[in-house]
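One structure is given here, and the rest of the page talks about it.
None of these values were measured; they are calculated from a predicted model.
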Amino acid sequence: MEDAYARSVSEVLDFFGVDSTKGLTDFQVSQHARLYGKNVLPEEERTPFWKLVFKQFDDLLVKILIAAALVSFVLALINGETGLTAFLEPSVILLILAANAAVGVITETNAENALEELRAYQADIATVLRNGCFSILPATELVPGDIVEVSVGNKIPADMRMIEMLTGQLRVDQAILTGESSSVEKDLESTIATNAVYQDKTNILFSGTVVVAGRARAVVIGVGANTAMGSIRDSMLRTDDEVTPLKKKLDEFGTFLAKVIAGICVLVWIVNIGHFRDPAHGGFLRGAIHYFKIAVALAVAAIPEGLPAVVTTCLALGTKRMARLNAIVRSLPSVETLGCTTVICSDKTGTLTTNMMSVSKICVFHSMQNGPEVAEFGVSGTTYAPEGFIFDSTGVQLEFPAQLPCLLHIAMCSALCNESLLQYNPDKGNYEKIGESTEVALRVLAEKVGLPGFDSMPSALNMLSKHERASYCNHYWENQFKKVSVLEFSRDRKMMSVLCNHKQMEIMFCKGAPESIISRCTNILCNSDGSTIPMNAALRAELDSRLNSFAGKETLRCLALALKIMPMGQQTLSIDDEKDLTFIGLVGMLDPPREEVRNAMISCMTAGIRVIVVTGDNKSTAESVCRKIGAFDHLVDFIGHSYTAAEFEELPGMQQTVALQRMALLTRVEPSHKRMLVEALQNQNEVVAMTGDGVNDAPALKKADIGIAMGSGTAVAKSASDMVLADDNFATIVAAVAEGRAIYNNTKQFIRYMISSNIGEVVCIFVAAVLGIPDTLAPVQLLWVNLVTDGLPATAIGFNKQDSDVMKAKPRKVSEAVVTGWLFFRYLVIGAYVGLATVAGFIWWFVYSETGPKLPYSELMNFDTCPTRETAYPCSIFEDRHPSTVSMTVLVVVEMFNALNNLSENQSLLVIPPWSNLWLVASIIITMLLHMLILYIPPLSTLFSVTPLSWNEWTVILYLSFPVIIIDEVLKFFSRNSHGIRFNFRFRRFEALPKKELRDK
């Protein structure tokens, strides 16, 4: 029944055919169970394991690698090759791809746990009226039409419509659903609001929320998936995970690279068609196969096989650093997404605020000697911990607050006129409430005021254990004053009274809405000497003025406290007793902003990141909190920057677009609004981070580019998020964003390093094929260079230090390519040199080396005709392992120098020296040691077709390798000094696609 909130009690009961005094019959229960289903959230069908595995191979570069591995395998069989060398290349490629797939499958399996966590918010049992009798049944057996009784502490087992109030009021904490900072009072009246949101449905009890005060009966109107909790589940199911900006750019670059590779491979094959019939190959077909093998080797050389592994490793290193900052990353790619976040949609309750109601102001009458003199006190402390101080109006801390009469009686009244509990949870290491948050705030105030009569009281209280300290002062007053009778809060009176006995004296303490209490007061307690004076018009006017200041300007939730001496021996209270009261004081409380939030939000603005506060609270309360944070001081007022969800939805399309660009605050929201906000911002090409802690936040957390959950939040929110803030500190987001930006910069550096190295390998093979000289590198040597030589330094580049101004730059655009035109030109220049140096080393050994044959260059170009003509040298010289060893070593050493180039994209090595990243230095040393190992250890040198080198050969290798540093220093100089350099290659045309199209791909 979707509109039960708008129907009367009798209409709802008639709809389900149920008698509120007898409940459903057994026949009706079975009938309704068949009609409406079970009260459980159905399990969603999980993606089959085999589909997850195949999904990991759905990538163009991966497909090319698999094809290259299979072709290598088939060609080895055709050529009759056997042993380890024949199948080493395809085996290693497939092993790498299998490892990458395993990581992907594990990540995706973890992501599916979010839906299961929702089950934790379903109640286990319910008190149900059936066949005229109440019984306790499993909540899963509830059906629509069941009459259920709920009381303090109960978790609501299903969506229900209130039908009967058994106490003066019923209050429910529905923060996990709506994000409201205070509990909500429920009633029986139907709601007439159009487009009613959860907050408007005051006669509906929502599944998973908790009763904090009162007792009532309600009829079940929705079970399982047809509840508010069920709609959150459906919303999470409809939400697809967003592809991260880096993944998009890598995919686009990979597609471009694949096309280039395919073109070059075909070109190399076509260029060498004339050589297919060379006698050395033994026929046209074998010649075609030989050059096809070269084309495959070219593909293997061009594709950076280690790139996915290195990207993953770099992101993992970032997550370790972020964990030290209390930001726990659940999804590796989200680390990089942080770097280009443009908007943070922050939940107010529990994220910007503590979600712990605290008394912050106290107002009492000081004396009447010089006219009405009011005293105001400030209270520090923003949590439920009994830690904080009382300050006078000048900001001076009171050493013994309990020595002041009004503060002493406020503490008494707060402790006694109270039905909540405050306790310490040693497992969580924090103080927890049971009951109404406003009442707990009064309990904490009583602890901060302390007890009278002991000069050492503050220090004595601090010596108690946390468990004893939680309610020590409250327990003291409860022992001193025995409760005799309680007059519960009611909506018409808007107050609560308790009768206490103390040393044969009866005292009634009252608390309630200021207008209700003050109108019943005839006297006022003075704070100067403890005397009582009559209330008059001047005093009432002064009180009204302070109340307007507290409730209006400062938007504090205000309660007034009063007392009355009762006749001795009185044992009961009635409404008639609540008159002729003595006013004690006024307390103002709020859900306080976190102290560190202001600086964090200012840092966000400096970094070009907009913050939108999103909350279920009303507009005025949220605007007040935003002002208190201080981060919105740049706004003259909130006109045009603050909207309720209903106001925003009613705006025409164009006005919504403009409002989104200026919005700083969105109030009175429910879960669907948060998801709508994220989608609307994403459609404007914003990269959205959404913070939250409640079940209500889960769909939006999942939809956002990066979902950030609070460590103290619900399991559902954590499971739907990409990152969890262990300390619930908004400021941690700023540190995480800086880390995300640094990681992206480092990612660009090692992509630049790997691609430029691979371009070098392609140039090497291509030039060798065009010149018609022997193969400079064997496929197994290329694989060694790609995996071992490239992998270690590329990973170490991930340890490059964060730039000092990383948070002063604006967020990079999502459309910004990982590889820009100018950067790709630099890749080509460096890559071309790497390739030419490698070929030069090969030719040098044949033509100039003292240990080589010193052939004329023309002989080298005609090596394939050697068996068919007379030569002054044996043809076996072209099978010597020295030249390929020299070219392979040149390739390794030049790439080590190129790794040093990548300490910074544009800064010179003179500014950022090699020792600024000792991990990179260590990786270069280890890589060179590994290379020495395969050169000088016989079994390995045979496997990789290499041979030991002489000192003369090493000298030439260094001469050929070092110039790569000089070339890159020149290119860096142009980058630093020529901002206008743009090289717009055709492959950048895809950058013009709007973000939405990219997302829909």
I'd like to check [X] versus [Y] (side-chain heavy atoms, cut-off strictly below 4.5 Å). Are they in contact?
X	Y	answer
Ile517	Leu561	no
Val379	Ser358	no
Glu478	Leu416	yes
Arg217	Leu129	no
Leu170	Leu205	yes
Tyr431	Lys466	yes
Glu554	Ser549	yes
Leu559	Leu442	yes

Check [X] against [Y] and note the closest heavy-atom contact, atom names and distance.
X	Y	answer
Asn154	Glu149	OD1-O, 4.2 Å
Asp529	Pro405	C-CG, 4.1 Å
Lys186	Gln174	NZ-OE1, 3.0 Å
Thr167	Arg215	OG1-N, 2.9 Å
Cys473	Ala446	CB-O, 3.9 Å
Leu166	Glu164	CD2-OE2, 3.6 Å

Inset, instruction - Take atom CD of Glu432 as the centre, draw a 6.0 Å sphere, and report whether it contains more than 12 heavy atoms from other residues, nucleotides or ligands. - result: yes
Inset, instruction - Please say whether more than 12 non-hydrogen atoms of neighbouring residues, nucleotides or ligands are located less than 6.0 Å from NZ in Lys483. - result: yes
Inset, instruction - Please report the C-alpha distance between Leu547 and Cys558 in whole Å, then the side-chain angles of each, then the deciding distance to 0.1 Å, and finally whether the side-chain contact (heavy atoms from CB on, under 4.5 Å) criterion is met. - result: CA-CA 8 Å; Leu547 177 59; Cys558 296; 3.8 Å; yes
Main-chain N/O of [Y] paired to [X] side chain as donor or acceptor, under 3.5 Å:
X	Y	result
Lys433	Met356	no
Glu447	Asn474	yes
Ser471	Leu422	yes

Inset, instruction - Measure the acute angle between the ring planes of Phe389 and Phe391, then classify it against the limits of 30° and 60° as parallel, tilted or perpendicular. - result: perpendicular
To the nearest 0.5 Å, what is the distance between [atom1] on [X] and [atom2] on [Y]?
X	Y	atom1	atom2	answer
Glu578	Cys510	CD	SG	5.5 Å
Asp544	Leu539	CG	CG	11.0 Å
Met566	Met508	CE	CE	5.0 Å
Arg171	Thr438	CZ	OG1	6.5 Å
Asp591	Lys348	CG	NZ	5.0 Å
Cys500	Leu563	SG	CG	10.5 Å

Legend entry - Between Ser183 and Glu436: side-chain donor-acceptor atoms closer than 3.5 Å: yes
Inset, instruction - Determine which pairs satisfy ring-ring contact (aromatic ring centres under 6.0 Å, His included) with at least one residue from residues 346-383, sequence neighbours left out, and list them in order. - result: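 Residue pairs passing ring-ring contact (aromatic ring centres under 6.0 Å, His included), neighbours aside: none found.
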Inset, instruction - State which residues pass salt bridge (Lys or Arg N to Asp or Glu O under 4.0 Å) with Glu623; sequence neighbours excluded, sorted by chain then number. - result: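 For Glu623, no residue satisfies salt bridge (Lys or Arg N to Asp or Glu O under 4.0 Å) once neighbours in sequence are set aside.
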Legend entry - Residue pair Ile533, Cys526: steps toward the side-chain contact (heavy atoms from CB on, under 4.5 Å) verdict: CA-CA 7 Å; Ile533 57 171; Cys526 289; 3.8 Å; yes
Legend entry - Derivation and outcome, side-chain contact (heavy atoms from CB on, under 4.5 Å), residues Asn618 and Thr667: CA-CA 6 Å; Asn618 65 57; Thr667 55; over 6 Å; no
Inset, instruction - State plainly whether the residues Arg546 and Glu376 are in salt-bridge range, i.e. N to O under 4.0 Å. - result: yes
Legend entry - Presence of salt bridge, Lys511 and Glu439, under 4.0 angstrom: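 Salt bridge between Glu439 and Lys511, a charged N being under 4.0 Å from a carboxylate O: yes.
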Inset, instruction - Could you list the residues that satisfy side-chain hydrogen bond (donor to acceptor under 3.5 Å, both in side chains) with Asn523, not counting sequence neighbours? - result: none
Inset, instruction - Evaluate side-chain contact (heavy atoms from CB on, under 4.5 Å) for Asn203 paired with Arg161, printing each intermediate quantity in order. - result: CA-CA 6 Å; Asn203 53 23; Arg161 166 65 158 92; 3.5 Å; yes
Legend entry - Output field: ring centroids Phe481/His502 closer than 6.0 Å: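 Aromatic pair counts; centres sit under 6.0 Å.
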